[in-house]
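Below you'll find the structure, written out as structure tokens, and then a few comments.
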Number of protein chains: 2
Amino acid sequence: MITKKAKYGLKAMFYLAQTDALTYISIQEISNKEHIPKRFLEHILADLKKSHLLKSKIGTHGGYRLALSPDKISIGEIIRTLDGLLEPESCLKQEGAEICEDCQHVAQCNVKNILNHLLTTTEYVLNNTSLVDANKKSLTSM
Amino acid sequence: MITKKAKYGLKAMFYLAQTDALTYISIQEISNKEHIPKRFLEHILADLKKSHLLKSKIGTHGGYRLALSPDKISIGEIIRTLDGLLEPESCLKQEGAEICEDCQHVAQCNVKNILNHLLTTTEYVLNNTSLVDANKKSLTSM
DNA sequence: ATCTTATCTATAGTAATGATAGATTTTTAA
DNA sequence: TTAAAAATCTATCATTACTATAGATAAGAT
């Protein structure tokens, strides 16, 4: 399950992807159009800016816009930014050979093996789907 | 992320899969060998029994054993039993055409489209990997 | 009988999630 | 230069989900 934070973030990003790429859109507008709590959306967009997926402008006619062209922004980056790592289990973190509390023998850990495989697959799907790809019918046959 | 409940459940299932399929193993033994809190494990195994993945026997020399041969038990069934649906978002539930609170136009919902694709992929991986498959090297090239 | 072990029901602590609030700063435009 | 618009910063709170423990009971083996 992705969190509501990621879901709201995705909706906001899709909304921005639909608009003229150079226009700044206010939090208020996104909140209204996509039915996302405004004060919550503030944090979400701020996080996406920190990850360099959005640019912002303060003041009248300010707001947010995509930092990159929509086809260069992957769904994976958005979810990773808002929900953290895509790993299905904490012991899969980058450190690699690291041993987690309860599984002593990393190499032979069945749980780790299967979850690692799931992670690879999930990353493949999410990293290779951009804001533009996501609404294509071809997605079903990817 | 899968929860600790699912992780513990997977470890317990792998442990049982390693043993003689007809022998009942006590919660105590699994708890000791796999370092899983015993009272927590009780609930987990009870759930897996309700889902007909385990059989149990009360009393001396009692315990749990797999209800099916290990190659007939998928990782997906185990996780689904313990963590609920595999869906990455609640609006993807079986009801299909159902409309979720915030997304009015289901058919054109980009978020739903992409998450639905992720679900399909996740289900494919987890439903087609059994307790026996999970430790095979071939998994990496699946 | 007694010990072993699962089963049932309840509950409690903790962490993560979802959401709101106030005060501040920057920018635009009148 | 002033007022409005909008993001930014920091804090906090409510709720839910997760993790775990506990007591009492029932069933089976020796």
Side-chain angles (χ1 to χ4, degrees), chain A residues 1-12 16 23-51 53-67 79 81-85 87-90 100-102, chain B residues 1-12 16 23-32 34-51 53-67 79 81-85 87-91 100-102:
Chain A
M1 286 277 283
I2 64 167
T3 65
K4 287 210 172 187
K5 192 175 181 186
K7 184 182 179 183
Y8 290 157
L10 285 170
K11 293 181 78 169
L16 291 174
T23 310
Y24 287 92
I25 310 284
S26 72
I27 294 175
Q28 187 66 64
E29 175 177 338
I30 303 171
S31 165
N32 289 339
K33 293 290 178 58
E34 296 292 334
H35 311 99
I36 302 170
K38 190 191 165 200
R39 295 310 295 266
F40 195 18
L41 186 56
E42 281 181 27
H43 296 289
I44 294 168
L45 299 183
D47 286 349
L48 291 167
K49 186 193 171 185
K50 271 186 210 144
S51 297
L53 298 176
L54 292 178
K55 286 187 175 175
S56 67
K57 194 177 153 192
I58 294 182
T60 309
H61 302 133
Y64 286 91
R65 71 173 178 83
L66 300 186
I79 297 181
T81 294
L82 299 172
D83 279 359
L85 299 162
E87 278 76 6
E89 219 287 315
S90 57
C100 61
E101 333 94 72
D102 29 36
Chain B
M1 287 277 285
I2 65 167
T3 64
K4 286 210 173 187
K5 192 175 181 187
K7 185 183 179 182
Y8 291 157
L10 286 171
K11 292 180 79 168
L16 292 173
T23 310
Y24 287 91
I25 310 284
S26 72
I27 294 174
Q28 187 66 63
E29 176 178 340
I30 303 171
S31 166
N32 289 341
E34 296 293 333
H35 310 100
I36 302 170
K38 190 191 165 198
R39 295 309 294 265
F40 195 18
L41 186 56
E42 282 180 27
H43 295 290
I44 294 168
L45 299 182
D47 287 349
L48 290 167
K49 186 193 171 184
K50 270 187 209 144
S51 297
L53 297 177
L54 291 178
K55 285 188 176 176
S56 68
K57 194 177 152 193
I58 294 183
T60 309
H61 303 133
Y64 286 92
R65 71 172 179 85
L66 299 186
I79 297 182
T81 294
L82 299 173
D83 279 0
L85 300 163
E87 278 77 4
E89 220 286 317
S90 57
C91 69
C100 60
E101 332 94 73
D102 29 36

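Below, chains carry the letters A, B, ... as their sequence lines are ordered, and counting in each starts from 1.
The distance from atom CD of Glu42(A) to atom C1' of dT10(D) is 12 Å, rounded to the nearest whole Å. The distance between atom CG of Leu41(A) and atom C1' of dT8(D), rounded to the nearest whole Å, is 14 Å. The nearest whole Å value for the distance from the NZ atom in Lys38(A) to the C1' atom in dG22(C) is 13 Å. For Tyr24(B) and dA29(D), the OH to P distance is 10 Å, given to the nearest whole Å. Straight-line distance from the CG atom of Leu82(B) to the P atom of dC18(D): 12 Å, rounded to whole Å. dT19(D) atom P lies 19 Å from atom NE2 of His35(B), rounded to whole Å. When rounded to the nearest whole Å, the span between CG of Leu54(A) and P of dA6(D) equals 17 Å. Between the CD1 atom of Ile30(A) and the C1' atom of dA6(D) there is a distance of 12 Å, given to the nearest Å.
Within the 4.0 angstrom heavy-atom criterion, only backbone atoms of the sugar-phosphate kind lie near Ile27(B); the bases stay farther away. Here Tyr64(A) lies in heavy-atom contact (under 4.0 Å) with sugar-phosphate atoms only. Residue Gln28(B) is classed as having no contact, given no heavy-atom separation below 4.0 Å to the nucleic acid.
Heavy-atom minimum distance, Gly63(B) versus Tyr24(B): O-CD2, 3.3 Å. Between Ser31(B) and Pro37(B), the shortest heavy-atom distance links the atoms OG-C, 4.3 Å. For Tyr64(A) against Leu16(A), the heavy-atom pair with the smallest separation is O-CD2, 3.6 Å. Of all heavy-atom pairs between Ile36(B) and Lys11(B), the closest is CD1-CB, 4.3 Å. Shown here for Ala12(B) and Leu45(B), the closest heavy-atom pair between the two residues is CB-CD2, 4.0 Å. What you find for Ala67(B) and Lys55(B) is that their closest heavy atoms are CB-CG, 3.9 Å.
Rounding to the nearest 0.5 Å gives a distance of 10.5 Å between CG of Leu48(B) and NZ of Lys50(B).
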*Are Thr3(A) and Asp83(A) close enough, and set up right, to give a side-chain hydrogen bond (donor to acceptor under 3.5 Å, both in side chains), and what steps lead you there?*
CA-CA 7 Å; Thr3(A) 65; Asp83(A) 279 359; 2.4 Å; yes
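Residues meeting the side chain to side chain donor-acceptor pair (under 3.5 Å) test with Ser56(A), sequence neighbours left out: Lys49(A).
For the OP1/OP2 pair of dT8(D) and a distance below 4.0 Å, the side-chain nitrogens and oxygens of Ser56(A) include at least one atom meeting the criterion.
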Output a table of nitrogen or oxygen pairs between the protein and nucleotides 25-30 of chain C separated by less than 3.5 Å.
from    : atom 1 : to       : atom 2 : distance (Å)
dA29(C) : OP1    : His61(A) : ND1    : 3.4

Could you list, one pair per line, each protein nitrogen or oxygen that sits under 3.5 Å from a nitrogen or oxygen of nucleotides 13-19 of chain C, together with the distance?
from    : atom 1 : to      : atom 2 : distance (Å)
dG18(C) : OP1    : Lys4(A) : N      : 3.2
dG18(C) : OP2    : Lys4(A) : N      : 3.1
dA19(C) : OP2    : Tyr8(A) : OH     : 3.1

